[in-house]
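Here the structure comes first, spelled out in structure tokens, and everything after it is commentary.
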Amino acid sequence: FIAYTAGLFLFIGSTAASWYRATGDILYVRLILLILTVGVLILVRNQEPAWLILVSVIGVLAINIYEYFNQPNHANKT
């Protein structure tokens with residue numbers, strides 16, 4: 001459980017950090033959804049492993065759907 005949750009946190013958190021480094025923008029919604037996903041993972045840690053996978057898939061899908069429909073425009077940044 002700890003390795004799975006830490007891996008998910010590090011993977012999504014590092015993509016947010018690299019986005020910040022490349023553009024200077026903080027992806028607040030990504031970080032909030034990540035924290036919510038990790039929180040729910042902590043709540044279901046004693047359930048069947050399928051629940052951990054389901055919660056993480058829903059969290060990652062929520063991040064992807066939000067960012068698909070709310071893409072920032074960085075064409076004019078220098």
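FYI, the numbering just counts along the sequence from 1.
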Any side-chain heavy-atom pair of N64 and Y68 under 4.5 Å: no

Steps toward side-chain hydrogen bond (donor to acceptor under 3.5 Å, both in side chains) verdict (R30, T15): CA-CA 10 Å; R30 176 181 285 208; T15 58; 2.4 Å; yes

Hydrophobic cluster membership, I35 vs I26, 4.5 Å side-chain cutoff: no

Cluster link L27 to L10, ILVMFWY, side chain under 4.5 Å: no

Whether over 12 other heavy atoms sit under 6.0 Å from F11 CZ: no

same_hphob_cluster(L31, V55) at 4.5 Å side-chain heavy-atom cutoff: no

Distance, nearest 0.5 Å, that separates CG of L33 from CD of E67: 8.5 Å

Considering all heavy atoms, the nearest D25-W19 contact: O-CD1, 3.5 Å

Distance (rounded to the nearest 0.5 Å) between S56 OG and W51 CH2: 12.5 Å

L41 and L8, any side-chain heavy atoms less than 4.5 Å apart: yes

In one Ile/Leu/Val/Met/Phe/Trp/Tyr side-chain cluster, 4.5 Å: I42, I53: yes

Same cluster (ILVMFWY, side-chain, under 4.5 Å), L34 and I2: yes

Atom OH of Y4: over 12 foreign heavy atoms under 6.0 Å: yes

